[in-house]
Amino acid sequence: MTNLASEKASIIYSKLTAAFRLSSNPESAKMQEAYMKYKMPYWGIASNPVKQIANSIFKEHPPVDNIEYRDILWYLFTNGNRREEWYAAMFMAQKFKKFITATNIDLYLDIVLQSQWWDIVDTTASNLIGPALSNENLRKWLIPWVKHENMWVRRAALLTQLKYKNMTNFELLKDLILHTEHESDFFIRKAIGWALRQYSYTNPEAVIELIEKRRDYLSNLSIREAQKGLIRMGYIK
């Protein structure tokens, strides 16, 4: 991190925390923390006010280049003490779309490893990693990730194509599922089903065929999640 970028990141962080402190609600914080299994303290601020505060500050202090983008994002994640500070970082990461490129995949992976919980991991996978990779070299990135020792990295691999629709590399998704369908972890099983459900809106027949072929191997949770879209569209009852 350069000195100038570090100074800018520090200013942004100070302004964010000052604004969050003014808007904090201890009672709401307790409910948020309980819902998120007490993984990190909250200020007790709802999503829209967090975005409004973050938007105001990043309009005043936008990253001017990719170096600043990386430095500010990582500063907020490594110094953030409450989850809204991480949410503000994620807001910035998505707001400045010109910096969402394959150059920053290493940073996004670090965020997955730093956060290790579904709210940040899922957003990073589908809104940052997915757009950054597009369909370029997906297999090169996702096959190693789906074999990663960290469960959240494996979940990110499964969810990277979540918003690809007809651009989904379904052969790759099938390979990712084959690598993870044996796992008992709730978050992996849910991710398999979610990925299949999203693709079912584009190609229901392919998803139906995969479920039938792998029914003895996929968990009931994965199948139930995968079939929600198919039921909604009337393909199955």
Checklist entry - Other than Leu162, which residues form its hydrophobic cluster under the rule that side-chain heavy atoms must be closer than 4.5 Å? => result Leu159, Trp194

Item to check | Reported CG-to-CG distance for the pair Asn169 and Leu138, which is rounded to 0.5 angstrom | outcome: 6.5 Å

Item to check | Side chain Ser10, main chain Ser6, donor-acceptor under 3.5 Å | outcome: no

Checklist entry - Closest approach of Gln114 and Phe77, non-hydrogen atoms and distance? => result NE2-O, 3.3 Å

Checklist entry - Minimum heavy-atom separation for Val207 to Leu196, with atom names? => result CG2-O, 3.5 Å

Checklist entry - Strictly by modelled atom types, are Tyr13 and Glu85 linked by a side-chain donor-acceptor pair under 3.5 Å? => result yes

Item to check | Check against side-chain contact (heavy atoms from CB on, under 4.5 Å), Asn150 and Gln116 | outcome: CA-CA 9 Å; Asn150 186 279; Gln116 299 214 44; 2.9 Å; yes

Checklist entry - Is a donor on one side and an acceptor on the other found under 3.5 Å between the side chain of Arg197 and the backbone of Lys228? => result no

Checklist outcome for this item: To the nearest 0.5 Å, atom OG1 of Thr17 lies from atom CD1 of Ile12 at 11.5 Å

Checklist entry - Roughly how far apart are Phe91 CZ and Ile57 CD1, rounded to 0.5 Å? => result 10.5 Å

Checklist entry - Any side-chain heavy atom of Thr168 within less than 4.5 Å of one from Asn203? => result no

Next on the checklist: Under the criterion salt bridge (charged side-chain N to carboxylate O under 4.0 Å, His left out), I'd like the reasoning laid out for Arg154 against Asp185: C-alpha separation, chi angles, the key distance, then a yes or no.
Outcome noted: CA-CA 11 Å; Arg154 300 197 299 277; Asp185 190 281; over 6 Å; no

Item to check | Evaluation steps, side-chain contact (heavy atoms from CB on, under 4.5 Å), between Lys8 and Val64 | outcome: CA-CA 11 Å; Lys8 185 170 185 175; Val64 298; 3.9 Å; yes

Next on the checklist: Contact between Met36 and Tyr42 at the side-chain level, heavy atoms closer than 4.5 Å - yes or no?
Outcome noted: yes

Checklist entry - Yes or no on side-chain contact (heavy atoms from CB on, under 4.5 Å) for Asp71 and Ile67, after CA distance, side-chain angles and deciding distance? => result CA-CA 6 Å; Asp71 288 351; Ile67 292 174; 3.6 Å; yes

Next on the checklist: Hydrophobic clustering (ILVMFWY, side-chain heavy atoms < 4.5 Å, transitive) - are Ile11 and Ile53 grouped together?
Outcome noted: no

Item to check | Sub-4.5 Å side-chain heavy-atom contact between Met40 and Arg82 | outcome: no

Item to check | Sequence neighbours excluded, every pair satisfying salt bridge (Lys or Arg N to Asp or Glu O under 4.0 Å) that has a member inside residues 212-223 | outcome: Glu181-Arg214, Glu209-Lys213, Glu212-Arg215

Item to check | Check: Ser222 side chain, Leu218 main-chain N or O, donor-acceptor pair, under 3.5 Å | outcome: no

Item to check | Shortest non-hydrogen contact between Phe58 and Ala88, atoms and distance | outcome: CE1-O, 3.5 Å

Item to check | Euclidean distance, Glu171 CD relative to Leu176 CG, rounded to 0.5 Å | outcome: 11.5 Å

Item to check | Distance-minimising heavy-atom pair for Asn127 and Ile100 | outcome: O-CD1, 4.1 Å

Item to check | Transitive ILVMFWY side-chain link Met31 to Val50, under 4.5 Å | outcome: no

Checklist entry - Okay, side chain of Thr124, backbone of Ile120: is any donor-acceptor separation there less than 3.5 Å? => result yes

Next on the checklist: Tell me if the NZ atom of Lys51 is crowded by more than 12 foreign heavy atoms within 6.0 Å.
Outcome noted: no

Checklist entry - Side-chain contact, heavy-atom cut-off 4.5 Å: Leu107 with Leu128? => result no

Next on the checklist: According to a hydrophobic-cluster definition based on side-chain heavy atoms being under 4.5 Å apart (Ile, Leu, Val, Met, Phe, Trp, Tyr only), do Phe186 and Tyr217 belong together?
Outcome noted: no

Item to check | Flag side-chain contact, heavy atom, 4.5 Å: Arg83 against Gln32 | outcome: no

Checklist entry - Would one find more than 12 heavy atoms of other residues, nucleotides or ligands at under 6.0 Å from atom CE of Met233? => result yes

Checklist outcome for this item: The reported gap from CG in Leu76 to CE in Met92 (rounded to nearest 0.5 angstrom) is 7.0 Å

Next on the checklist: Do Tyr69 and Asp65 make a side-chain contact, defined as non-hydrogen atoms from C-beta onward lying under 4.5 Å apart?
Outcome noted: no

Item to check | Point-to-point distance, once rounded to the nearest 0.5 Å, from OG of Ser23 to CH2 of Trp43 | outcome: 10.0 Å

Next on the checklist: Salt bridge check, Lys30 against Glu27: does any charged N sit closer than 4.0 Å to a carboxylate O?
Outcome noted: yes

Checklist entry - Would you call Glu183 and Arg189 a salt bridge, using N to O less than 4.0 angstrom? => result no

Checklist entry - Are side-chain heavy atoms of Trp117 and Trp152 found at a separation under 4.5 Å? => result yes

Item to check | Nearest heavy-atom neighbours spanning Leu109 and Trp145 | outcome: CD2-NE1, 3.8 Å

Item to check | Any side-chain donor near an acceptor of the partner, Tyr87 and Asp119, under 3.5 Å | outcome: yes

Next on the checklist: For Leu221, is there any backbone N or O sitting under 3.5 Å from a side-chain donor or acceptor partner on Glu225?
Outcome noted: no

Next on the checklist: My understanding is that only residues two or more places apart in sequence, or in another chain, count here; which of them pass salt bridge (Lys or Arg N to Asp or Glu O under 4.0 Å) with Lys163?
Outcome noted: none

Checklist entry - Do Thr160 and Ser126 have side-chain heavy atoms sitting under 4.5 Å apart? => result no

Item to check | N-O pairing of Asp122 and Lys190 below 4.0 Å | outcome: no

Checklist outcome for this item: Residues Phe99 and Asn104: closest non-hydrogen pair is O-ND2, 2.6 Å

Checklist entry - So if you build clusters from Ile, Leu, Val, Met, Phe, Trp, Tyr with side-chain heavy-atom gaps below 4.5 Å, do Tyr164 and Ile143 land together? => result yes

Item to check | Within one Ile-Leu-Val-Met-Phe-Trp-Tyr cluster: Ile45 and Tyr35, side-chain cutoff 4.5 Å | outcome: yes

Checklist entry - Which is it for Ile177 and Leu210 under the side-chain contact (heavy atoms from CB on, under 4.5 Å) test, yes or no, and what are the steps along the way? => result CA-CA 10 Å; Ile177 290 169; Leu210 176 63; 4.1 Å; yes

Checklist entry - So, Tyr199 versus Phe170, ring centres under 6.0 angstrom or not? => result yes

Next on the checklist: If the threshold is 4.0 Å, N to carboxylate O, is there a salt bridge linking Lys15 and Glu60?
Outcome noted: yes

Checklist entry - Heavy-atom count around Tyr201 OH within 6.0 Å, excluding the residue itself: above 12? => result yes

